[in-house]
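What follows is a set of notes on a single structure, which appears directly below.
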Amino acid sequence: MSDAGYDHAAVERRWQEAWDDADAYRTPDDVEDPTYVLGMYPYPSGKLHMGHVRNYTITDAYARYRRMQGDDVLHPMGWDAFGLPAENAAKERDTNPRDWTFDCIETMRDQMTAMGFGYDWDREVTTCTPEYYQWNQWLFRRFHEEDLVERRDAEVNWCPHCETVLADEQVEGEAELCWRCDTPVETRELEQWFLKITEYADELLEDIDDLEGWPNSVRQMQRNWIGRQYGSEVDFEIEGHGPVTAFTTRIDTIYGATFFALAPDHPISEELAEEDEEVRHFIEHEADPDGDEPNGVETDLTATNPATGEEIPVYVADFVLSDVGTGALMAVPGHDERDHAFAEKMGEEIVPVVAPEPEDGEDPEAPDVDDAAFTEDGVLVNSGDYSGLDSETARERLTEDLESAEHATQYQLRDWGISRQRYWGTPIPVVHCDDCGPVLVPDEDLPVELPEFINTTGNPLDAAEDWKETTCPDCGGPAERETDTMDTFVDSSWYFLRYVSPGLEDAPFDLERANDWMPVDQYVGGIEHAVMHLLYSRFFTKVLADHEGLEHREPFTNLLAQGMVQLEGEKMSKSKGNVVSPQRIVEEYGADTARLFMMQAAQPERDFDWSEEGVRSTNAFLARLKEMVEEYAAPRAAEDASGEEPRANGYDGGKDAVASYVDAEIDATIAIADAEYDDLTFNKALRETQDLTRTLRQYAEYTEPHAETYERGLSAVVRLLAPVAPHLAEELYDELGNDGFVVDAPWPTAEVDRDYVEKRRRLVENTREDVRDIVEVAGIEDPERIDVVVAPEWKYDALEIAIESDADNLIGELMGHDHIRQQGDAAADYGQDLQAEREALERTLGPDEEYAALESAAWLLEREFDADVRVVYAEEVDESVLKNAEPGRPAIEIED
RNA sequence: GCGAGGGUAGCCAAGCGGUCAACGGCGGCGGACUCAAGAUCCGCUCGUGUAGACGUUCGUGGGUUCGAUUCCCUCCCCUCGCACCA
């Protein structure tokens with residue numbers, strides 16, 4: 001045989017055309033509840049990379065598997081088509097973002113088709129078209145009506161050179177430079193639009209518990225991101241400034257609060273800066289919220305500790321962050337590490353007020369906090385009436401007793417600022433009127449379409465004067481359009497709903513159908529979206545459930561975060577120059593090879609190394625399989641054509657023991673592969689499939705195969721491979737004489753369960769290994785004859801009795817059975833073995849099943865040792881041979 | 001620091017209470033086929049062993065159990081996420 005491969009280009013082209021002609025991947029609108037399989041839609045950057053190929057091969061394979069199982073399947077694709085790179089590319093190439101984006105889409109769509117991904121292209125969604133983004137605007141209005149939109153000042157990253165806001169990810173390194181022009185980034189206060197995701201913080205957090213089809217890592221990341229913390233808010237009176245609220249999770253330590261600290265941008269700090277030179281100097285020059293060292297300056301103010309009544313000094317300190325808690329904190333150096341460090345630096349008092357839980361009967365002893373804070377819960381000391389309480393009780397009591405104190409919950413999650421000072425996004429549908437302020441564009445005037453692109457340094461929308469000038473929808477007076485566009489995460493927060501009814505003109509999605517079809521059954525994408533995209537999508541889904549009648553509160557039932565495709569342990573990246581181009585692989589080896597190699601290389605969620613060697617051997621495997629099928633099918637087809645009696649040329653062996661072995665292996669493979677496909681562990685399913693292929697080849701080499709059995713095997717292999725290598729599978733399915741597509745073929749079925757399959761295989765494997773052991777250890781040069789002897793029936797009975805029995809004396813119980821007792825010493829010996837293994841006993845196959853399994857596998861021994869092999873029942877051999885025979889372990893006699 | 005996930009034979013990597021000296025792949029060794037190479041196929045790949053055995057292994061040290069690679073605890077190391085979060 002050769003490793004020359006096969007003409008993959010011809011095969012792939014042929015079936016891609018056939019699928020296209022037959023509209024094979026169309027999902028009609030009237031199906032009831034299709035299995036919804038979705039890969040995260042890509043940003044159309046120009047070319048597919050290996051990450052895309054892996055992502056979409058996973059969804060495609062799963063979609064095809066479900067379909068062969070008889071499900072209706074929804075498997076759409078679309079484009080996350082807005083975003084800054086298009087603007088940059090347009091500038092570089094002197095074109096415009098729209099043309100550039102559509103070029104990229106076309107290229108990538110062609111590449112996807114070349115990969116054989118079976119999408120319903122009639123449902124394609126492209127977010128940069130007004131037909132799509134009008135619904136972003138409509139949703140913005142709806143959110144606004146439900147009081148989920150807010151306009152307020154926000155600090156943003158601003159590049160003065162590019163004149164635009166940068167996302168946090170676009171600010172690079174410690175020095176905080178713009179990713180494109182290396183200009184130091186500034187912060188600016190800008191009026192921004194926010195979506196109030198924090199209104200849903202509790203539900204978003206609590207529902208994570210029910211997302212059992214999601215990886216734990218993603219669930220945990222979302223929990224951390226939302227960051228809910230229970231604590232208390234309590235007021236400290238600052239002379240001349242009234243009560244100042246501080247948030248704390250440790251109000252039990254309030255007796256140890258020896259100073260108070262304010263964020264540099266706390267309103268009181270800013271007031272102080274106006275008259276206090278030192279404070280101003282600190283705020284303007286020394287405060288470094290990013291530094292490791294806690295810095296601060298003492299003010300002339302004092303605050304009253306509401307628990308002790310003591311006056312404590314007030315600092316302005318840079319480790320106090322205005323967006324954490326209330327931007328003011330009570331500092332307890334005895335029980336907080338950071339406060340401790342700061343107190344040491346400033347020479348403030350450090351008082352222990354919580355002691356470690358004492359041993360029974362002993363009094364709590366205040367810990368030594370001179371060198372380090374004691375940060376755990378314990379028993380209160382030095383805390384007036386509260387001394388002696390445990391931390392938890394003390395927190396409850398103090399929150400109740402202190403007049404200004406109340407329970408409070410803090411979240412790390414912030415509202416979602418969606419304003420972007422960029423061109424290539426959804427225009428925020430707002431008009432600014434001098435008299436009326438910001439006014440939302442009414443529904444009937446939507447969409448607000450993007451004007452022509454203007455190549456300018458700043459925001460092109462700002463430069464589009466004609467577009468910008470408009471009239472106020474409320475008063476009719478002159479007004480200006482909002483020139484900010486929406487974060488592209490808005491687009492992706494609901495695109496999975498648009499696929500349900502992509503062309504719908506009077507709503508973002510068909511509610512009834514969405515209720516039937518949603519949620520997405522299997523979502524697949526990169527871990528980099530663990531928080532943002534997946535959290536925003538959950539948020540949108542919940543809002544749509546509350547206000548638009550969607551009957552689902554979570555968008556994605558099962559989530560798979562796929563691993564990376566690496567090269568020599570490193571992430572592929574352009575800058576490292578270690579990128580393997582999918583295009584090249586497809587040209588050289590074909591799409592099926594690329595897909596099969598990827599799916600068998602590792603479990604989908606794991607990283608794995610690309611290996612050219614692996615790709616070649618995968619390609620060789622497919623070529624060999626093709627040859628096998630052709631060798632079998634071609635002569636039959638020729639005979640059919642010539643009108644002669646069909647005769648399986650060279651495949652007219654009988655349905656003998658070997659055939660039954662192969663038959664059992666076919667069943668075993670199907671049973672295992674089926675379960676593994678269900679789990680998306682394609683690598684294991686494919687390993688089994690390749691093993692079966694090898695078994696079939698061995699079969700054909702060893703003997704004249706039984707045509708029916710052989711064909712059943714080939715047919716099973718082809719269909720088990722079809723989800724992953726669809727083109728070649730179609731070709732071979734066709735060659736095997738089937739009508740219709742393998743895409744629509746029924747998934748092979750097997751009437752065996754895995755437990756049986758595994759017992760049978762283990763018996764055969766163990767027996768073969770035992771024979772090898774004996775031959776080697778006994779130094780048998782050339783075995784003439786091998787007898788494999790199934791244990792006598794009474795031993796199976798004894799085993800069964802032993803498993804069922806809970807008697808102390810097993811041997812006694814066994815001897816209670818006449819037919820066992822009659823075995824005399826043999827029964828006693830075996831009984832002792834059973835007694836010794838008592839706790840570990842397990843049912844084996846029955847004697848006849850074992851006989852059949854061994855008989856059908858005898859050819860393997862014959863072939864390996866070139867010896868006569870007999871499988872026999874116990875009755876046929878001498879008693880002395882039988883002492884080693886047990887259920888699950890035949891006696892072996894070798895003669896040389 | 002907090003949280004999550006990991007550490008398995010030369011390498012990659014399954015297993016997650018007994019079927020485990022531990023699936024599979026790569027690499028290495030030997031054999032079949034071939035004039036030869038490649039491909040394919042068959043074995044071996046912790047140690048000892050002239051009949052299927054025994055001994056020592058699954059990051060470290062303990063524990064639970066008749067029995068632990070699998071469960072619990074301690075410590076060490078790796079990867080990821082969050083982090084001066086009150």
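Below, chain A is the first sequence line, B the second, and so on; all start at residue 1.
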Rounding to a whole Å, what distance do you find between [X]:[atom1] and [N]:[atom2]?
| X | N | atom1 | atom2 | result |
| --- | --- | --- | --- | --- |
| A/Glu765 | B/G52 | CD | C1' | 15 Å |
| A/Asn884 | B/A53 | CG | C1' | 11 Å |
| A/Glu837 | B/G17 | CD | P | 20 Å |
| A/Gln566 | B/C12 | CD | P | 13 Å |
| A/Glu842 | B/C20 | CD | P | 10 Å |
| A/Ile208 | B/A4 | CD1 | C1' | 13 Å |
| A/Asp773 | B/U48 | CG | P | 15 Å |
| A/Glu758 | B/G15 | CD | C1' | 12 Å |

Before accepting this row, confirm whether a basic side-chain N of the pair [X]/[Y] lies closer than 4.0 Å to the acidic partner's carboxylate O.
| X | Y | result |
| --- | --- | --- |
| A/Arg687 | A/Asp691 | no |
| A/Lys626 | A/Glu630 | yes |
| A/Lys345 | A/Glu293 | yes |
| A/Arg843 | A/Glu804 | yes |
| A/Glu758 | A/Arg754 | yes |
| A/Asp770 | A/Arg889 | yes |
| A/Asp808 | A/Arg838 | no |
| A/Glu665 | A/Arg694 | no |

Residues A/Glu627, A/Tyr6; criterion side chain to side chain contact (heavy atoms under 4.5 Å, CB included); working and verdict: CA-CA 9 Å; A/Glu627 231 170 84; A/Tyr6 61 97; over 6 Å; no
State, with a plain yes or no, whether a side-chain heavy atom of [X] is found less than 4.5 Å away from one of [Y].
| X | Y | answer |
| --- | --- | --- |
| A/His335 | A/Asp252 | no |
| A/Tyr830 | A/Leu834 | yes |
| A/Arg395 | A/Arg250 | yes |
| A/Leu860 | A/Tyr661 | yes |
| A/Arg338 | A/Leu329 | yes |
| A/Phe319 | A/Asp339 | yes |
| A/Leu204 | A/Gln222 | no |
| A/Val717 | A/Met628 | no |

Could you list, one pair per line, each protein nitrogen or oxygen that sits under 3.5 Å from a nitrogen or oxygen of nucleotides 71-73 of chain B, together with the distance?
none

Ignoring backbone atoms, test whether [X] places a side-chain nitrogen or oxygen under 4.0 Å from the OP1 or OP2 oxygen of [N].
| X | N | answer |
| --- | --- | --- |
| A/Gln229 | B/A86 | yes |
| A/Arg697 | B/U40 | no |
| A/Arg687 | B/C23 | no |

Interface with RNA chain B, restricted to residues 334-346 of chain A and to heavy atoms under 4.0 Å: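 Within this stretch, A/Arg338 sit under 4.0 Å of the strand.
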Any residue of residues 888-896 of chain A with a heavy atom less than 4.0 Å from an atom of RNA chain B: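 Contacting residues: A/Arg889, A/Pro890, A/Ala891, A/Ile892, A/Glu893, A/Ile894.
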Can you tell me if [X] and [Y] form a side-chain donor-acceptor pair at under 3.5 Å?
| X | Y | value |
| --- | --- | --- |
| A/Tyr756 | A/Glu849 | no |
| A/Ser611 | A/Asp609 | no |
| A/Ser232 | A/Thr399 | yes |

Give one of base, sugar-phosphate or nothing for [X], where a contact means two heavy atoms less than 4.0 Å apart.
| X | result |
| --- | --- |
| A/Val775 | nothing |
| A/Glu864 | sugar-phosphate |
| A/Asp866 | nothing |
| A/Lys759 | nothing |
| A/Arg843 | nothing |

Distance, nearest 0.5 Å, that separates CD of A/Glu886 from CG of A/Asn884: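 Interatomic distance, A/Glu886 CD to A/Asn884 CG, rounded to 0.5 Å: 8.0 Å.
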Pairwise distance CG(A/Leu799) to CG(A/Leu841) - rounded to 0.5 angstrom: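 Spacing of CG (A/Leu799) from CG (A/Leu841) equals 6.0 Å.
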Heavy-atom protein contacts under 4.0 Å, nucleotides 63-69 of chain B, coded B base, S sugar-phosphate only, - none: ---B---
Under 4.0 Å protein heavy-atom contact, by nucleotide of nucleotides 25-32 of chain B - B base, S sugar-phosphate only: S-------
Residue pair A/Pro890 / A/Leu763: nearest heavy atoms and the distance that separates them: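 Looking at all heavy atoms of both residues, the shortest contact is CD-CD1, 3.9 Å.
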A/Asp770 (side chain) and B/G52 (base): donor-acceptor pair under 3.5 Å: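 Checked by distance alone, the answer is yes.
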A/Asp773: side-chain contact (heavy atoms from CB on, under 4.5 Å) partners, not counting sequence neighbours: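 A/Asp773 satisfies side-chain contact (heavy atoms from CB on, under 4.5 Å) with no other residue.
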side-chain contact (heavy atoms from CB on, under 4.5 Å) against A/Ala685, all qualifying residues, sequence neighbours excluded: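 With neighbours one apart ignored, the set is A/Ala673, A/Glu676, A/Tyr677.
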Would you indicate which nucleotide in [options] comes nearest to any side-chain atom of [X]?
| X | options | value |
| --- | --- | --- |
| A/Glu701 | B/U40, B/C82, B/G18 | B/U40 |
| A/Lys684 | B/G15, B/C82, B/C84 | B/G15 |
| A/Ala778 | B/A86, B/G43, B/A51 | B/A51 |

Close N or O pairs between protein and nucleotides 5-10 of chain B (under 3.5 Å):
none

Within the 6.0 Å centroid threshold, strictly below: A/Tyr315 and A/Phe342: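 Yes, ring centres under 6.0 Å apart.
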Separation between the C1' atoms of B/A9 and B/A14, rounded to whole Å: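 These two C1' atoms come out 13 Å apart once rounded.
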Acceptor/donor pairs from residues 405-413 of chain A side chains to any protein atom, 3.5 angstrom cut, sequence neighbours excluded:
| residue | atom | partner | partner atom | Å |
| --- | --- | --- | --- | --- |
| A/Gln410 | OE1 | A/Gly325 | N | 3.3 |
| A/Tyr411 | OH | A/Asp202 | OD1 | 2.6 |
| A/Tyr411 | OH | A/Asp202 | OD2 | 2.9 |

Would you tabulate the nitrogen or oxygen pairs shorter than 3.5 Å linking the protein to nucleotides 77-81 of chain B?
none

Duplex segments of RNA chain B, taken as runs of at least three Watson-Crick or G-U pairs that stay under 3.5 Å: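 Stem segments, range with range: B:1-7 with B:76-82, B:10-12 with B:24-26, B:27-32 with B:40-45, B:46-48 with B:53-55, B:61-63 with B:71-73.
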With the criterion being N/O to N/O and under 3.5 Å, what pairs connect the protein with nucleotides 44-47 of chain B, and how long is each?
none

